[in-house]
Amino acid sequence: MIHVDGTLDTLYDEVLKRNPGETEFHQAAREVLESLAPVVTKHPEYVDAAVIRRVCEPERQIIFRVPWQDDSGAVQLNRGFRVEFNSALGPYKGGLRFHPSVYLGIVKFLGFEQIFKNSLTGLPIGGGKGGSDFDPKGRSDGEIMRFCQSFMTELYRHIGEYTDVPAGDIGVGGREIGYLFGQYKRITNRYESGVLTGKGITWGGSQVRTEATGYGTVYFLDEMLKTGGQSFDGKRVVVSGSGNVAVYATEKVEQLGGTVVACSDSSGYVVDEKGIDLSLLKDVKEIRRERISAYAEERGAIYVPGGSVWDVPCDIAIPCATQNELDADAADRLIKNGTSYVAEGANMPCTPEAVRLFSDAGVSFAPGKAANAGGVATSALEMQQNASRDSWSFDYTEDRLADIMRGVHDRCLETADEYGSPGDYATGANIAGFIRVANAMLAQGVI
Ligand code: NDP
């Protein structure tokens, strides 16, 4: 930890003490606090008004029971969460994750990251996150629907287009958003389109929202490559995961001239030297909801059960699965294999040790809170369209996304420069994201 008269150390100790056992939240908080030393030196007013201390404490944390009946009629029980972290810049905004690993520490890490990510987009959105330890794998459509209805039967009283606007994340895609929206509409008797984003195109959704996180990450990478005088042309790329972010990162890499040679799921990975066949991948994952092994079998590609996709040599790595999926060992192998760019499509997929190794080896590294901000940015564009009862074309919306990602990229680099860490996207992202929120908090008084 970097010491600034002990201020940041003391704050980190307080985070540990107030949030016992929440290791992912500790990790996310530490990563941001470590970047803020030069900010504290330059702006003592943030310390005087306890802005950093307050930003580490969620404004509100909601935990609730989610009972539902499975297809056999048995009663199942899950736990629901919504952490409304910071509303200095706008309504709380951030996705819902349905995965058995979800507990308060994961929701808080994601909500905390979301504050700075949303700030970096330059759009008027605060930070929040939610979810449940519900495991959608192997569940029927009817079970998914009943779970979503029960989840929303509690959540509805806490959200609203001017209050808190959830979206998707791991395990929550268009199908789940549909069931959640339907139940919200039924309970409130209001067609309040702006209460959720990631809706279907015909009922208030935005073009490009489905593609936005993956596309945005690749736009960000494209700016990094240009900054280094390079392009995607002829580059070998490895993507982890095969969900929403991974699929659309792959699509954009291929559009820009790179080749994605490997992707994965939690059971194993696929190596496809000809380049991933996107229409087959979408069919397997999005329509049939099958495992990545089915892709390998039908395509005649190599399938490696278990193992690490980071063993596959590449110029560019895009982790798009989950937190802490790329550790020091994996980083070491990537560096030895000549990887020179890493951009986080997922939230916090690289461990702090991996990030340190990349930095020492001169690998250009983009943190998730900057590189994957395109998803939430396009959610904010969906909210704009809902508020004006309008719907924009795909091309217009994609241009806006590309523009926002260029802005996020430049803001990171300029801020890193200004605060004495040239080329360090992670430090630039943390400081630029923090300052916008901190100034709004100062202006709004002690609340
Ligand atoms: P999906 O549920 O669509 O896909 C997740 C993918 O990651 C799947 O291939 C899944 O494999 C794999 N995965 C999930 N958990 C694990 C795990 N514990 N170990 C190994 N693999 C795992 O999620 P998204 O694509 O939406 O999200 C991926 C990441 O991107 C997350 O970190 C999310 O927070 C982040 N993100 C998403 C945004 C969005 O708009 N969707 C916006 C910004 C960030 P399997 O099917 O086997 O579980």
Side-chain angles (χ1 to χ4, degrees), residues 54-66 79-98 102 104 107-132 148-169 172 176-199 203-206 209 373 375-390 433 436-437 440-441 443-447:
R54 282 188 282 145
V55 98
C56 292
E57 180 72 13
E59 290 175 16
R60 190 173 300 109
Q61 307 181 54
I62 302 145
I63 304 181
F64 50 99
R65 181 171 75 191
V66 189
R79 187 171 283 177
F81 302 89
R82 187 72 185 166
V83 173
E84 298 180 333
F85 226 118
N86 193 293
S87 61
L89 296 178
Y92 310 104
K93 183 86 197 86
L96 298 170
R97 174 177 294 191
F98 293 168
V102 167
L104 190 57
V107 180
K108 273 160 79 171
F109 120 63
L110 291 164
F112 186 71
E113 290 279 292
Q114 198 81 46
I115 302 171
F116 308 106
K117 178 189 309 194
N118 294 2
S119 165
L120 270 176
T121 66
L123 297 164
I125 38 180
K129 200 84 187 188
S132 173
C148 288
Q149 289 175 342
S150 179
F151 186 86
M152 185 53 84
T153 301
E154 171 60 32
L155 187 69
Y156 89 94
R157 70 188 82 244
H158 307 290
I159 61 176
E161 64 180 319
Y162 296 110
T163 311
D164 183 355
V165 183
D169 190 79
V172 179
E176 291 74 18
I177 294 293
Y179 295 146
L180 291 163
F181 183 74
Q183 184 73 351
Y184 182 84
K185 180 164 68 75
R186 186 183 193 191
I187 295 173
T188 60
N189 192 29
R190 268 204 312 270
Y191 206 110
E192 188 187 333
S193 303
V195 70
L196 286 169
T197 58
K199 299 181 294 295
W203 46 277
S206 174
R209 177 60 190 92
V376 75
T378 309
S379 275
L381 300 183
E382 183 171 331
M383 290 163 72
Q384 285 184 30
Q385 292 167 78
N386 294 152
S388 58
R389 305 262 186 269
D390 200 356
R436 192 161 167 252
V437 176
M441 287 175 72
Q444 292 168 18
V446 178
I447 55 167

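No hydrogens, no waters, no symmetry mates; every other heavy atom, side chains included, goes into these values. Along the sequence shown, residues carry numbers from 1.
With rounding to the nearest 0.5 angstrom, the CG atom of Asn386 is 10.0 Å from the OG atom of Ser379. In this structure, Glu176 CD and Leu96 CG are separated by 10.0 Å, a value rounded to the nearest 0.5 Å. Put simply, CZ on Arg436 and CG on Asn118 are 9.5 Å apart, with the number rounded to the nearest 0.5 Å. Atom CZ of Arg79 is separated from atom CD1 of Ile63 by 6.5 Å, given to the nearest 0.5 angstrom. Taking CD1 of Ile159 as the start and OH of Tyr184 as the end, the distance is 5.5 Å to the nearest 0.5 Å. The line from CD of Glu161 to OG of Ser193 is 8.0 Å long, rounded to the nearest 0.5 Å.
Among Gln114, Met383, Lys117, the single residue meeting the side chain to side chain contact (heavy atoms under 4.5 Å, CB included) criterion with Lys93 is Met383.
Between Tyr92 and Phe85, the distance separating the two ring centers is not shorter than 6.0 angstrom. Taking the ring centroids of Tyr191 and Phe181, they lie under the 6.0 Å cut-off.
Checked by atom type and distance alone, the side chain of Thr378 never pairs as donor or acceptor with a backbone atom of Arg209 at under 3.5 Å. No donor-acceptor pair closer than 3.5 Å links the side chain of Gln385 to the backbone N or O of Ser206.
Considering all non-hydrogen atoms of both residues, Ser150 and Val66 come closest at OG-CG1, 3.5 Å. The shortest non-hydrogen separation linking Gly168 to Ile177 is N-CD1, 3.9 Å. Across Val107 and Phe81, no two heavy atoms sit closer than the pair CG2-CB, 3.9 Å. The shortest non-hydrogen separation linking Val165 to Gly194 is CG1-O, 3.3 Å. Contact between Ala377 and Thr121 at its shortest, heavy atoms only, is CB-CG2, 4.0 Å. Between Leu123 and Ala380, the closest heavy-atom pair is CD1-CB, 3.7 Å.
Between Met152 and Leu196 there is a side-chain heavy-atom pair separated by less than 4.5 Å. Between Val437 and Asn86 there is a side-chain heavy-atom pair separated by less than 4.5 Å. Side-chain contact between Asp164 and His158 is absent, with no heavy-atom pair separated by less than 4.5 Å. Two residues are said to be in side-chain contact when any heavy atoms from C-beta on lie closer than 4.5 Å; Thr153 and Phe64 fail this criterion. A 4.5 Å side-chain heavy-atom check between Pro166 and Leu180 finds every atom pair outside the cut-off.
For the side chain to side chain donor-acceptor pair (under 3.5 Å) test, no residue two or more places apart in sequence or in another chain qualifies with Lys185. With sequence neighbours excluded, the residues satisfying salt bridge (charged side-chain N to carboxylate O under 4.0 Å, His left out) with Arg157 are Glu154. With sequence neighbours excluded, the residues forming a side chain to side chain donor-acceptor pair (under 3.5 Å) with Asp169 are Arg97, Lys129, listed by chain and number.
Side-chain atoms of Tyr156 and Gln183 form no donor-acceptor pair, as typed in the model, at a separation below 3.5 Å.
Within 6.0 Å of atom CZ in Arg54, more than 12 heavy atoms from other residues, nucleotides or ligands are found, so the atom counts as buried in its surroundings. When the shell of 6.0 Å around CG of Asp390 is examined, it contains more than 12 heavy atoms from other residues, nucleotides or ligands.
The aromatic rings of Phe98 and Phe151 lie perpendicular to each other, with more than 60° between the two planes, well past the 30° mark.
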*For side-chain contact (heavy atoms from CB on, under 4.5 Å), just list the numbers for Val195 and Thr163, CA-CA rounded to whole Å, side-chain angles, deciding distance to a tenth of an Å, and then say yes or no.*
CA-CA 8 Å; Val195 70; Thr163 311; over 6 Å; no
